[in-house]
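Right, one structure below, let's go through it.
Atoms within each ligand, like the ligands themselves, are counted from 1 in listed order.
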Amino acid sequence: MLRLFQFKGGVEPETHKSRSAREAIGEAPLPPIFVVPLHQSVGGHARPLVAAGERVRKGQRIGAADKWVSSAVHAPTSGKVLAIEERVAAHPSGLTTLSVLIEPDGREEWIERAPLDYGAMPPERLRRFLRDSGVVGLGGAVFPSHAKSVAAAVPMEYLVINGAECEPFMTCDDRLMRERAEGVVRGAAIFRDLLEPKRVLIGIEDNKPEAIAAMREAVENVGEDFAVVPVPTRYPTGGARQLIRVLTGKEIPASRRSPEMGVQCFNVGTAYSAWRAVAFGEPVVSRIVTLTGNVEAPRNWEIRLGTPLRDILPLMRPKPDTRRYVMGGPMMGFALPSLEAPIVKASNCIIAASPALFPPPPPEMPCIRCGACAKACPHELQPFELYRFSRARNFDKAREYDLLDCIECGCCGYVCPSHIPLVQYFRFAKSEIAARDQDKRKAEVAKERFERRRAREERDQAEKAERLAKAAAAKAAERQAAPNDAEAAKKALIAAAVERARVQREGVQDQSSIHPLGGN
Ligand code: SF4
Ligand code: SF4
């Protein structure tokens, strides 16, 4: 029996899960046009590999990872590329992102698919394969999984598979584990083979008994290093650091990555998609999405990535008083900016929100420094201080109080008796800090460039001065050498004249010796 630990803080909101968890996962139909964003993961933007007018097959790579922390993007069906253009992103900002528009031909014609026998290949090749198959964290974080599958210098003790799914309303992981447990476990085994941990712990909140039973059955044949562990239902148990704490007792400080402490964590949906890629050669072209909230038909659907929100409304049948659509859960999610925003790899849940379901918050009151927010914070931050500094735009101080460690879980705002939308203040402060950091980085780059140019100019000047000095020295040496040469020439002339005289003299003496009037 595994000993469980507790994380600090947390809350227990109403779960609202039973309605959407009832029915089996359905398969969403093809929309008239897919809008597939090329940037669907943390890291670099995928490079487009297709052009307008081109025909593509389902699973064809349409965007290539542009660096190591980046992930490929694939065609969700077969059809024709209509355009590659900026389209609204599934992001609260309402900004656009480069997207591939595909008109389906209805044939669902796959690329050639083949399983990958990775046992015989170097792990690096398997990681590249996962990157090129578009496998990223489907729990919502969308971090490229291949980049997480690298062990640190310390031995890997635990691989944690996250089936906690603590966000209210969300049931996509629950249904996945109930219906496709074997695939999830086999996917977890792929990450186990890459990371070689001593144990694989699959953590599932204890409000999902069917999922726990299905996963327990599935792990029976994979080895004793696997264990399915029910964990207490408490938000945010599904946060990676919180689940690691509960299952292993390890506290991962915000300043460190969990592999540095011998543990790594993947979501169950991620494990399943890794298995589909390896066992069937199917890249990530769809995901399970919970459609719920103020709807007639709450349910989980397998939806192809790039399906616009507008085209899934008939599946959920929103009630007439629906005002907006929230992507993610009510604690960490955000309102989608438009019905044209597409389903992406991060879209785990779409909640139709009405004023009755999510009543507008009462007016914000002053902070009474009751400390309830600090008690609820799972990261042991002091939200009331972060709020004070964020509100006063004292961002340096907010950073000093570890604002950047805030995971925006919303626990603090949930318990605040003054109804202060704390997370909104923190998001604002974080974006300001990010903007300032970017400005600072730009200024540093400009300064570095300026200093490099100045150093180059100084070096050029120094080289020029050296060249001039050398030339001057050479000339001076020449000048010095010139009189000596003249002297030498003069000496040579004198020597030549003396020689000539000597030769002349000797010639005269010889002639005198043979003169008839001479002696001897
Ligand atoms: S819970 Fe609200 S009122 Fe209480 S200290 Fe925190 S921010 Fe202030
Ligand atoms: S949102 Fe941030 S500050 Fe608030 S409880 Fe969560 S981690 Fe703590």
Side-chain angles (χ1 to χ4, degrees), residues 5-15 92 139-141 143 162 164-170 205 232-246 250-258 265 326-335 346 348-349 358-434:
F5 298 81
Q6 268 191 334
F7 63 90
K8 297 209 175 67
V11 291
E12 288 177 20
E14 180 74 47
T15 61
F143 195 90
N162 190 343
E165 196 171 53
C166 60
E167 264 273 5
F169 288 92
M170 209 178 280
E205 274 194 347
T233 298
R234 183 170 180 79
Y235 180 85
T237 303
R241 283 169 204 269
Q242 282 68 41
L243 188 60
I244 288 172
R245 165 75 191 153
V246 170
K250 288 177 186 276
E251 289 272 11
I252 313 291
S255 56
R256 297 186 67 184
R257 290 165 51 248
S258 64
C265 181
V326 174
M327 185 172 117
M331 300 296 280
M332 292 186 80
F334 58 86
N348 40 18
C349 180
F358 298 115
E364 183 179 331
M365 307 283 282
C367 171
I368 54 171
R369 296 182 79 79
C370 65
C373 52
K375 270 194 211 125
C377 178
H379 274 252
E380 296 181 65
L381 303 175
Q382 291 174 290
F384 56 92
E385 296 289 23
L386 297 176
Y387 159 67
R388 187 160 66 96
F389 297 131
S390 302
R391 198 184 149 101
R393 303 177 71 90
N394 189 347
F395 301 125
D396 289 338
K397 212 66 185 152
R399 192 200 285 250
E400 201 182 305
Y401 274 70
D402 297 322
L403 172 71
L404 300 185
D405 291 352
C406 165
I407 55 166
E408 300 177 16
C409 65
C411 290
C412 50
Y414 182 80
V415 297
C416 176
S418 293
H419 314 293
I420 302 171
L422 293 164
V423 175
Q424 284 180 32
Y425 282 100
F426 303 158
R427 282 185 185 149
F428 164 73
K430 280 186 189 177
S431 63
E432 286 291 309
I433 288 173

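Closest protein heavy atom to atom 6 (Fe) of ligand 1: Cys373 SG, 2.4 Å. Regarding atom 3 (S) of ligand 1, its nearest protein heavy-atom neighbour is Ile368 N, 3.4 Å. The protein heavy-atom contact nearest to atom 8 (Fe) of ligand 1 is Cys367 SG, 2.3 Å.
Relative orientation of the Phe389 and Tyr401 rings is tilted, given thresholds of 30° and 60° on the angle between their planes.
Counting only protein N, O or S atoms, the number found under 2.8 Å from atom 6 (Fe) of ligand 2 is 1.
When the shell of 6.0 Å around NZ of Lys250 is examined, it contains more than 12 heavy atoms from other residues, nucleotides or ligands.
Across Gly371, Cys370, Cys416, heavy-atom proximity to atom 2 (Fe) of ligand 1 is greatest for Cys416.
A donor-acceptor pair under 3.5 Å is formed between the side chain of Glu167 and the backbone N or O of Met331. Under a 3.5 Å cut-off, the side chain of Arg241 and the backbone N or O of Glu251 do not form any donor-acceptor pair. Judged by distance alone, with hydrogens and angles left aside, the side-chain atoms of Ser390 form a donor-acceptor pair with the main-chain N or O of Leu386 at under 3.5 Å.
Nearest heavy atom pair, residue Arg234 against residue Phe7, reads O-CZ, 3.9 Å.
Atoms of ligand 1 found under 4.0 Å from any heavy atom of Arg369 (numbered from 1 in listed order, with element): 5 (S), 8 (Fe).
Between Glu380 and Arg245 there is no salt bridge, since none of the side-chain N atoms of the basic residue sits less than 4.0 Å from a carboxylate O of the acidic one.
Looking only at side-chain heavy atoms (C-beta outward), Glu400 and Lys397 come within less than 4.5 Å of each other.
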